[in-house]
Amino acid sequence: PRYWVPEEEVEARLRARWDRGWLLGWRDIARATDERTVIAAVIPRVGVGHKFLLMLPKLAQSVSMLLALMDSIPFDFCARQKLGGTDLTYSIMKQLPVLPPEVFDRPCPWSPGETLADWIRPRVLELTYTAWDLEPFARDLGYEGPPFRYDPERRFQLRCELDAAFFILYLGTPEEWEREATPELKALFPTPRDAVAYILDQFPIVRRRDEERYGLYRTKETILAVYDELAECSRLTLGGG
């Protein structure tokens, strides 16, 4: 680190406000040249500067859901519509559409026998817990094992699964779209999948880097493939198939 803060000073600031061995926050700087607008993370319990803004939720057990949501592409797309400069401030973050905690207590439509939280939590854990300094976070999620190996391909797949899931949570199932979307919206996007494809096309830097490395927009193709799979599983589950 470039700067050092006395541990007792950090503890004095947090003592009456936060009792966990980690912190949740996001990067204030959101430049047009960055792949993503919202870059949120769980970090060790250390001092931070004013460019890493902290969030201290009352429901600490829901942090894995909140972190997954904030780092999802649907949420990022919403943030881009609101942000006018390069600072993702508290006032802007408070205006963004965050799903309420009770949503994640619902049954997972594509994984019978699990809640949405049950399905999301292990993916967030594996993506986050890759070093011992976040052991307190892993223990709070009920995991007693060692950190996970940092495997780029595995991480890419997990992130695509989470993105696809949050597209369904934000846009609804095809049946819900047909029933609830306005005529104007359906004229632009006949199905929610059409909206997913459109949103993914609004990340040109992600697309360019994918095409330079793989010759195709791999992120979009993978998310759409996972989205189709989850949507079909949801249809079969809800339809009793």
Side-chain angles (χ1 to χ4, degrees), residues 1-5 7 10-11 14 18-31 34-49 51-57 59-76 79 88 93 98 104 108 111 114-167 169 203 205-206 209-210 213-214 218-219 222-223 225-226 230:
R2 182 176 180 183
Y3 302 106
W4 294 84
V5 180
E7 182 178 359
V10 175
E11 291 302 321
L14 292 174
W18 189 248
D19 62 354
R20 305 288 173 168
W22 44 270
L23 296 169
L24 171 68
W26 71 93
R27 196 176 76 165
D28 174 84
I29 299 300
R31 301 166 299 191
D34 294 327
E35 285 190 13
R36 300 291 291 272
T37 299
V38 182
I39 302 176
V42 168
I43 64 171
R45 187 182 174 101
V46 296
V48 299
K51 291 302 180 181
F52 187 79
L53 305 183
L54 295 179
M55 182 180 293
L56 305 176
L59 299 175
Q61 295 302 321
S62 300
V63 163
S64 57
M65 309 301 111
L66 182 58
L67 179 60
L69 181 152
M70 293 172 67
D71 279 331
S72 71
I73 286 180
F75 187 77
D76 202 290
L88 185 55
M93 185 63 76
V98 176
F104 302 101
C108 183
S111 183
E114 288 189 305
T115 64
L116 284 163
D118 294 333
W119 189 88
I120 292 172
R121 188 178 298 110
R123 288 164 172 80
V124 175
L125 173 67
E126 186 171 343
L127 286 167
T128 305
Y129 186 35
T130 58
W132 284 106
D133 56 5
L134 281 179
E135 183 178 8
F137 180 68
R139 300 298 179 256
D140 282 349
L141 294 186
Y143 178 73
E144 298 296 332
F148 293 88
R149 186 168 66 92
Y150 194 99
D151 181 338
E153 287 302 311
R154 169 69 175 166
R155 293 175 64 81
F156 173 75
Q157 182 63 33
L158 291 174
R159 285 163 42 212
C160 288
E161 291 175 4
L162 288 169
D163 283 327
F166 277 101
F167 271 120
L169 293 179
F203 290 80
I205 299 176
V206 178
R209 290 179 177 175
D210 270 5
R213 178 171 296 182
Y214 305 106
R218 186 176 74 142
T219 299
T222 305
I223 290 175
V226 177
L230 298 185

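Just so it is clear, the model here is predicted, and its values are computed rather than measured.
- Around atom CZ of Arg154, no more than 12 heavy atoms belonging to other residues, nucleotides or ligands sit under 6.0 Å away.
- The nearest pair of heavy atoms linking Asp28 to Leu53 is OD1-CD1, 3.8 Å.
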Exercise. Would Trp119 and Leu162 satisfy side-chain contact (heavy atoms from CB on, under 4.5 Å), going step by step from the backbone distance to the final call?
Worked result: CA-CA 9 Å; Trp119 189 88; Leu162 288 169; 4.1 Å; yes
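- Within the 4.5 Å cutoff, the side chain of Val63 has heavy atoms near those of the Trp22 side chain.
- Taking CD from Glu114 and CZ from Arg121, the interatomic distance works out to 10.0 Å, rounded to the nearest 0.5 Å.
- The neighbour count for Trp4 CH2, taken as heavy atoms of other residues, nucleotides or ligands under 6.0 Å away, does not exceed 12.
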Which side-chain N or O atoms in residues 64-76 pair as donor and acceptor under 3.5 Å with protein atoms at least two apart or in another chain?
from, atom 1, to, atom 2, distance (Å)
Asp71, OD1, Ala40, N, 2.9
Ser72, OG, Leu69, O, 2.7
Ser72, OG, Phe75, N, 3.4
Asp76, OD1, Thr37, N, 3.2
Asp76, OD1, Thr37, OG1, 3.4
Asp76, OD1, Arg80, NE, 3.0
Asp76, OD2, Arg36, NE, 3.1
Asp76, OD2, Thr37, N, 3.0
Asp76, OD2, Val38, N, 3.0

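- Between the side chain of Trp26 and the backbone N or O of Leu88, at least one donor-acceptor pair lies under 3.5 Å.
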Run the side-chain contact (heavy atoms from CB on, under 4.5 Å) check on Glu35 and Phe203 step by step: do they pass?
CA-CA 7 Å; Glu35 285 190 13; Phe203 290 80; over 6 Å; no
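- Note that NZ of Lys51 and CD1 of Ile29 are 4.0 Å apart. Values are rounded to the nearest 0.5 Å.
- Here the shortest heavy-atom pairing between Val48 and Phe52 reads CG2-O, 3.8 Å.
- Closest heavy-atom contact between Cys160 and Thr219: SG-O, 4.4 Å.
- With sequence neighbours left out, the side chain to side chain donor-acceptor pair (under 3.5 Å) criterion links Thr130 to no other residue.
- Side-chain contact between Leu116 and Cys108 is present, with at least one heavy-atom pair separated by less than 4.5 Å.
- Below 30°, between 30° and 60°, or above 60°: for Phe148 and Tyr143 the angle between ring planes is below 30°, a parallel geometry.
- When all heavy atoms of Asp34 and Ile205 are compared, the closest pair comes out as O-CD1, 3.5 Å.
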Practice prompt. Please test Phe104 against Leu169 for side-chain contact (heavy atoms from CB on, under 4.5 Å), starting from the C-alpha separation and ending with a verdict.
Written response: CA-CA 10 Å; Phe104 302 101; Leu169 293 179; 4.1 Å; yes
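- For the salt bridge (Lys or Arg N to Asp or Glu O under 4.0 Å) test, residues two or more places apart in sequence or in another chain that qualify with Glu11 are Arg45.
- By the side chain to side chain donor-acceptor pair (under 3.5 Å) test, Arg123 pairs with Glu161, sequence neighbours left out.
- Looking at every heavy atom in both residues, Ile223 comes nearest to Ala164 through O-CB, 3.9 Å.
- Considering only residues two or more places apart in sequence or on other chains, Asp151 meets the side chain to side chain donor-acceptor pair (under 3.5 Å) condition with Arg149.
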message = Please evaluate residues Tyr129 and Leu141 with respect to the criterion side-chain contact (heavy atoms from CB on, under 4.5 Å), reporting the C-alpha separation (whole Å), side-chain torsions for both, the decisive distance (0.1 Å), and the verdict.
response = CA-CA 11 Å; Tyr129 186 35; Leu141 294 186; over 6 Å; no
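- Side chain of Asp140 to main chain of Phe137: no donor-acceptor pair is present (N/O by atom type, distance under 3.5 Å, no hydrogens or angles).
- Residues that satisfy the salt bridge (Lys or Arg N to Asp or Glu O under 4.0 Å) test with Arg218, not counting sequence neighbours, are Glu153.
- For the pair Pro44 and Leu23, the minimum side-chain heavy-atom distance is 4.5 Å or more.
- Distance CG/Leu14 to CG/Leu54: 7.5 Å, rounded to 0.5 Å.
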